[in-house]
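One structure is given below, encoded as structure tokens.
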Amino acid sequence: MSKEITPRGTDYAQWYQDLVIKAGLAEPSAVRGCMVIKPYGYAIWEKMQQALDRMFKDTGHSNAYFPLFIPKSFFSKEASHIKGFAKECAVVTHYRLKSTPDGKGIEVDKEAKLEEEYIVRPTSETIIWSTYKGWIQSYRDLPILVNQWANVVRWEMRTRLFLRTAEFLWQEGHTAHATRDEAVEETMKMLGVYAEFSEKFMALPVIKGVKTPFERFAGAVDTYCIEALMQDGKALQAGTSHFLGQNFARAFDVKFTTKDGTRDFVWASSWGVSTRLMGALVMAHSDDDGLVLPPMLAPYQVVIVPVYRNEEQLEKIRAYADGIIGALKAKGISTRFDDRDTHKPGWKFAEYEMKGVPVRLAIGPRDLENNTVEVARRDTREKTNYQAVDIDVKVTHLLNQIQENLYDKALDFRERSTYHADSMEEFEKLIGNGGFVYAHWDGKTETELKIKERTKATVRCIPLESRREKGKCILTGDPSPQKVLFARAY
RNA sequence: CGGGGUGUAGUUCAGUCCGGUAGAAUGCCUGCUUUGGGAGCAGGAGGUCGUCAGUUCGAAUCUGGCCACCCCGACCA
């Protein structure tokens with residue numbers, strides 16, 4: 001029988017979970033709230049990492065690594081920061097185990113209590129700024145442009161594979177600057193990097209914006225974000241970039257001497273994307289048959305499946321395929337030739353569709369006779385017979401087409417799912433169907449919360465690139481400088 | 001953390017009400033036939049029924065505690 005997943009229309013959340021598990025991306029682990037990222041899922045994450053890391057290096061950043069454990073006292077130095085994270089921190093209190101008196105088990109050695117407890121990092125601003133204090137004396141030491149790839153822990157109540165897990169992987173950039181303008185510029189630059197990555201690699205259009213005070217990162221002056229729309233009409237924050245002002249410099253007393261000899265606190269930014277992007281990737285393009293991957297992030301872009309009756313035929317196909325594989329690899333296309341005898345072609349077709357491989361080539365006896373290849377593209381499910389000549393050029397073109405098509409489809413979906421509401425009645429009607437809804441808001445947290453309570457929708461961001469048309473708040477009627485972006489969100 | 005649900009073979013589940021030797025499908029293994037869309041037939045292996053205690057001659061089944069997972073809410077990247 002076939003390996004099936006729940007259709008999106010039946011139960012979107014179940015579809016997502018089935019897909020993540022059956023495509024071999026990740027699975028729940030023995031540890032509450034933590035997942036195992038499986039090789040195929042991790043391969044996609046590695047592709048993301050490679051692309052992002054290249055972009056970070058190209059914008060002048062270097063990688064470094066800071067400790068997993070953060071002394072509790074560091075954590076409490078920035079008041080709003082601790083308030084934001086306190087409820088979800090794992091705490092290390094002891095450093096040794098011992099055998100239980102009956103010798104059968106093991107228990108915490110109460111004697112080995114830490115003088116000061118450690119927090120398992122939920123983010124690294126505090127440990128990094130306590131370190132930067134020692135690195136920075138003068139404007140000559142600035143800027144510091146550092147990124148780290150790391151795991152962090154946020155003790156979430158309810159978890160979902162990739163979208164929200166107690167432990168997740170991410171990168172966090174932490175930069176230090178001599179001026180406010182420079183730190184703001186850095187914040188915006190990295191927001192741009194994330195938007196470019198999302199659109200170019202993930203084929204996922206995003207809205208750039210600034211968060212409301214309510215949604216702002218704990219400890220930031222301003223939080224910027226990119227917001228994407230998933231197929232079920234819910235919004236997902238795909239990346240954040242924070243202008244931290246001098247908040248952490250003040251908290252950790254990081255001052256520098258300026259050119260003209262005065263002393264000032266250092267200006268900061270931080271920015272991150274996480275394995276949550278994997279969830280965004282799945283929910284952006286995939287269908288009821290499984291994952292659909294954009295070629296730019298597919299662990300292998302092309303899979304070749306031989307169709308044969310006997311060993312002799314397989315050898316002929318292998319020879320025929322070798323030429324094609326060589327040509328594809330020369331074009332930089334990652335290709336897998338699946339000649340496993342343990343599974344039949346039909347099984348493999350279904351399996352690679354589940355795994356979202358963008359292009360599948362099937363080669364059988366008929367192709368050897370006619371000098372053809374059967375080409376199937378995952379995004380549209382089209383199957384065509386190509387002449388084998390110049391197959392590398394054709395596949396290159398096809399991969400580009402698929403990448404573009406996925407972006408266009410996602411953009412088209414977002415546009416069809418974006419609405420404007422000029423009254424609360426209109427808003428409530430629209431928001432129920434999912435999608436982005438632009439509406440006027442008076443800028444007050446109180447209003448935002450009331451709208452959330454009534455509709456479950458939140459202000460995703462105040463878009464950076466929308467027209468500044470004045471109007472009246474849909475709830476209070478108070479003046480509003482521009483429409484903001486509302487949605488129900490992950 | 002609140003409400004609801006579920007724990008039985010690798011997986012999905014039946015059996016639980018009404019206690020009496022552990023079941024199906026699928027997957028797995030072997031052989032033969034197959035191979036252009038998740039193959040067919042035959043044979044085979046596989047479970048201290050989440051866990052701990054209690055009731056009983058006897059517990060997957062009844063009682064209680066604990067644990068885990070899933071769904072819905074509150075919180076979050």
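A, B, ... follow the sequence lines: proteins, then strands. Residue 1 opens every chain. Everything numeric here is computed off the predicted structure, so don't read it as measured data. Hydrogens, waters and symmetry mates are skipped; everything else that's a heavy atom, side chains included, is used.
- On a pure distance criterion of 3.5 Å, a polar donor-acceptor pair joins the side chain of A:Lys383 and the base of B:G37.
- Using a cut-off of 4.0 Å between Lys/Arg side-chain N and Asp/Glu carboxylate O, A:Arg318 and A:Glu315 are scored as salt-bridged.
- Contact annotation for A:Arg360: base contact, defined as any heavy-atom pair under 4.0 Å involving a base atom.
- Distances from the side chain of A:Ala13 to the nucleotides B:C76, B:C72, B:C70 place B:C72 closest.
- When heavy atoms are screened at a 4.0 angstrom cut-off, A:Thr240 is found touching no nucleic acid atom at all.
- Where A:Thr165 and A:Ser29 meet RNA chain B, the nucleotide closest to each residue was compared, and A:Ser29 sits on the side nearer the 5' end.
- A close approach under 4.0 Å does occur between a side-chain nitrogen or oxygen of A:Lys452 and OP1 or OP2 of B:C75.
- A salt bridge does not link A:Glu227 to A:Lys208: none of the charged nitrogens lies less than 4.0 Å from a carboxylate oxygen.
- Nucleic acid contact class of A:Pro28 (heavy atoms, under 4.0 Å, all strands): none.
- Residue order along RNA chain B, read from the 5' end via each residue's closest nucleotide, puts A:Val31 first among A:Val31 and A:Glu215.
- A:Thr335 meets the side-chain hydrogen bond (donor to acceptor under 3.5 Å, both in side chains) test with no other residue; sequence neighbours excluded.
- Contacts between residues 366-374 of chain A and RNA chain B, defined by a heavy-atom separation below 4.0 Å, involve A:Arg366, A:Asp367, A:Glu374, listed by number.
- Under the side chain to side chain donor-acceptor pair (under 3.5 Å) rule, A:Thr212 has a single partner from A:Arg460, A:Glu448, A:Lys444, which is A:Glu448.
- We find that CH2 of A:Trp347 is positioned 14 Å from P of B:G36, with the value rounded to whole Å.
- RNA chain B lies under 4.0 Å from no heavy atom of any residue of residues 283-297 of chain A.
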* **Letter per nucleotide, 5' to 3', of nucleotides 2-13 of chain B [B base touched, S only sugar-phosphate touched, - untouched; heavy atoms, 4.0 Å]** => ------------
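- Counting non-hydrogen atoms under 4.0 angstrom, A:Leu236 reaches nothing in the nucleic acid.
- The interatomic distance linking A:Leu161 (CG) with B:C69 (C1') rounds to 12 Å, in whole Å.
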* What one-letter contact string describes nucleotides 28-35 of chain B from 5' to 3', where B marks a base within less than 4.0 Å of any protein heavy atom, S marks contact via sugar-phosphate atoms alone, and - marks no contact? -> -------B
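- For A:Arg454, the side-chain hydrogen bond (donor to acceptor under 3.5 Å, both in side chains) partners are A:Glu428, not counting sequence neighbours.
- For A:Glu353 and A:Arg360, the salt-bridge test passes: some basic side-chain N is under 4.0 Å from an acidic carboxylate O.
- The base of B:C76 does not come close enough to the side chain of A:Arg154 for any donor and acceptor atom to sit less than 3.5 Å apart.
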